[in-house]
2 protein chains.
Amino acid sequence: MATIKDVAIKAGVAISTVSAVINRSAPVSEDVIARVEAAIATIGYLPHGAAKALRSGNSRLIGVILPDITNPFFSMVARVIETVCMKAGYMTFVYNTDEDPEHEMRILQMMRMQRVAGMILISTRSDAAHGRRLMAAINVPTVLFGSNVEGTPYDVITLDDRKAGALAIDHLVELGHRRIAIIAGRPGVSTHDERLAACIEALQRHGIVLDEDLIIAADFVQQLAFEAGQKLLARADPPTAIFALSNLMLIGAMRALLAAGKTCPRDLSLVGIGDFDWPEIMSPQMTVVATPAVAMAEFAIGALLDEIDSKRPPAGKRTLFAPELIIRGSSAAVSIEEPLRDPLAI
Amino acid sequence: MATIKDVAIKAGVAISTVSAVINRSAPVSEDVIARVEAAIATIGYLPHGAAKALRSGNSRLIGVILPDITNPFFSMVARVIETVCMKAGYMTFVYNTDEDPEHEMRILQMMRMQRVAGMILISTRSDAAHGRRLMAAINVPTVLFGSNVEGTPYDVITLDDRKAGALAIDHLVELGHRRIAIIAGRPGVSTHDERLAACIEALQRHGIVLDEDLIIAADFVQQLAFEAGQKLLARADPPTAIFALSNLMLIGAMRALLAAGKTCPRDLSLVGIGDFDWPEIMSPQMTVVATPAVAMAEFAIGALLDEIDSKRPPAGKRTLFAPELIIRGSSAAVSIEEPLRDPLAI
DNA sequence: CTGAAAGCGCTAACAT
DNA sequence: ATGTTAGCGCTTTCAG
């Protein structure tokens, strides 16, 4: 591969002049610029990224750490970040944690070795202990996305998870549902904790006594949600509605319904968090609390690049994006009145 | 950030010894290894990737170039590659071409700047002119994936596209379909060219006269396939079956059907290439020619790492993976006999 | 406006 | 078995 030295020789100038032309970092005469650019073109020279990074102390690399790129929500987020980064002259590393904190730490270490200039992190845990581990492993501008982490000074961009939970429960209660099951995520992540807390709060607000058996954690995993759905449907007193706290878990619940030969929304209403690209190809079409993925991702990468460029320390600002309830065919009023369980009615 | 020098001082050894310990590149006494490792741990030292890459001439970086990470087929491919690479001590850059050759060239340039050790390339064009452009832009071990490119010496891993096309057409013809529409991809990519050629061949083999108007190219874009579907359905003599040559185009066709208020498979049969993760949530469930994404990706990255490690030049070997016809509810026998168009019948 | 030279952090000869 | 040293290709003072 050609080096900057070859270009300098070819153009008959000094190495530093070539560098100045490439980076426009110092005034160079028009004549010399032309000669250097011609030399670059004929030789086919391309600067050596690692050498640049080593010498300048700036890798112009951004790390993106997310649970699973095959989840359409995250792949869209990655896509948006890539596009914005490329425009700004940054390259991106995208890595999957698989929701495993240990793996997250390993990825963080790789990012550090590459001396990334900044990171967008969708963390696997939200507790303070994990926050301390992160603080020890991260020494670059970072923006937390999707989930919060206690004890970190970073900016956080999330959905308004509490509102998302309340929106769905309110909707189901309005339709007359009282036995509402919740397929939850993984305790310890704010995405789970806040959504679930909001659900419980909403249920209580509506005077519904909480049935712990109707809440099943499925780790945000589609297959576990399927199994949770099967368990719920096999009950003597199955719920009249299921609320799944993520997009893939909603699919799992839907599969359980289909496997049990039940019909939605006749036998059971279904609601999820996170929308799908082509809702009309599902049957029935899903009622969801939609997450503005693109806007959130654009905001997050914008905030990160801003922090990197300005060299400002993180402000620790939390930005919540409003969820939107989209009512489709999967949720409907309870068809058959539940038998009263009040002793007084016997 | 701590450097190797800090570690050497702390451990009371030379920096080359530290390097030897880290890379196990030279024999070092147990005692010294322990001292160095202790120093690394207490200082929290992590090697500088760029410095390593610069000095060793090995970036241990792999580039993955694909059309669109939000397409579930490609996100799965990226996922598999990432996992295998990490195990082998490589990091991956994943970039989207958006099916745009110019953009592909720009990405190739970025990959070159990073001095990637190898690439998996899902190219946007298959013609020899594009092959020449690639040859001028690529100077590292590369494996072509999904589509072939004329005039390149690289190994190629693809679906057996001709078989995929024939499988679907044979299936539809067996069901009695004669007016079969094809929503094709983008001319100039082997994924399109070979699949379409096989379809035409199969139709002729069955004695069906080709109707050019029933073949619409939709650039592998979901929305364009939707529009193509609408156009086909609006005809005075609509087809009795549509075969979409990719997963997202199948969804586009399905949406067109729904938008037109038609029922599948009663009014029209639908077949696609590439399976979905949860086929049961669609209604009807789609008959597809399935692509073994995981096996193909594993094979491709294995071949690439092999070529890198062995320092062998590319063998130019073409490996075809067998597609599998999965018959589900979206394809059925033509219900109503088409009126005969043979003049003799008038 | 241009050029000479130092050195980013690391590896790999080569000496010892 | 361990230490010394010369660069990898680039940016960035600092002189001219």
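Protein chains get the first letters and strands the later ones, always in sequence-line order, with residue 1 at the start of each.
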Rounding to an integer number of Å, can you tell me how far [X] [atom1] sits from [N] [atom2]?
X         : N       : atom1 : atom2 : value
Lys52(A)  : dT12(D) : NZ    : C1'   : 13 Å
Ile4(B)   : dG3(D)  : CD1   : P     : 13 Å
Arg115(A) : dC10(C) : CZ    : P     : 7 Å
Leu54(A)  : dG7(D)  : CG    : P     : 17 Å
Tyr45(A)  : dG9(D)  : OH    : C1'   : 7 Å
Leu46(B)  : dC10(C) : CG    : C1'   : 14 Å
Glu30(A)  : dT2(C)  : CD    : C1'   : 16 Å
Ile22(B)  : dT2(D)  : CD1   : P     : 15 Å

> So what does Ser19(A) touch, heavy atoms closer than 4.0 Å: a base, only the sugar-phosphate, or nothing?
Replying inline: base

> Which of parallel (below 30°), tilted (30 to 60°) and perpendicular (above 60°) describes Phe93(A) and Phe93(B)?
Replying inline: parallel

Could you verify whether a donor N or O on one side chain and an acceptor N or O on the other, from [X] and [Y], lie under 3.5 Å apart?
X         : Y         : result
Ser126(A) : Glu150(A) : no
Thr124(A) : Glu104(A) : yes
Thr3(A)   : His48(A)  : no

>> What verdict does the side chain to side chain contact (heavy atoms under 4.5 Å, CB included) test give for His103(B) and Met86(A), after you've listed the backbone C-alpha separation in whole Å, the side-chain angles of each residue and the deciding distance to 0.1 Å?
In response: CA-CA 11 Å; His103(B) 199 200; Met86(A) 177 151 354; 3.7 Å; yes

Please pick, from [options], the nucleotide with the shortest atom-to-atom distance to any side-chain atom of [X].
X        : options                  : value
Ser16(B) : dT11(D), dG3(D), dC10(D) : dG3(D)
His48(A) : dT4(D), dG9(D), dT2(D)   : dG9(D)
Ser29(A) : dA4(C), dT2(C), dG9(D)   : dT2(C)
Arg55(B) : dT2(C), dC10(C), dC8(C)  : dC10(C)

>> Go nucleotide by nucleotide along DNA chain D from the 5' end; which of Asn23(A) and Asp31(B) gets its closest nucleotide reached first?
In response: Asp31(B)

> With nearest nucleotides of DNA chain D determined for Val13(B) and Ala51(B) from heavy-atom distances, which residue corresponds to the more 5′ nucleotide?
Replying inline: Val13(B)

>> Can you tell me if Thr17(A) touches the phosphate of dT2(C), counting only side-chain N or O atoms and a distance under 4.0 Å to OP1 or OP2?
In response: no

> Between Lys5(A) and dG9(D), is there a side-chain N or O to OP1/OP2 distance below 4.0 Å?
Replying inline: no

>> By nearest heavy atom, map Val28(A) and Ile15(A) onto DNA chain C; which one lands nearer the 5' end?
In response: Val28(A)

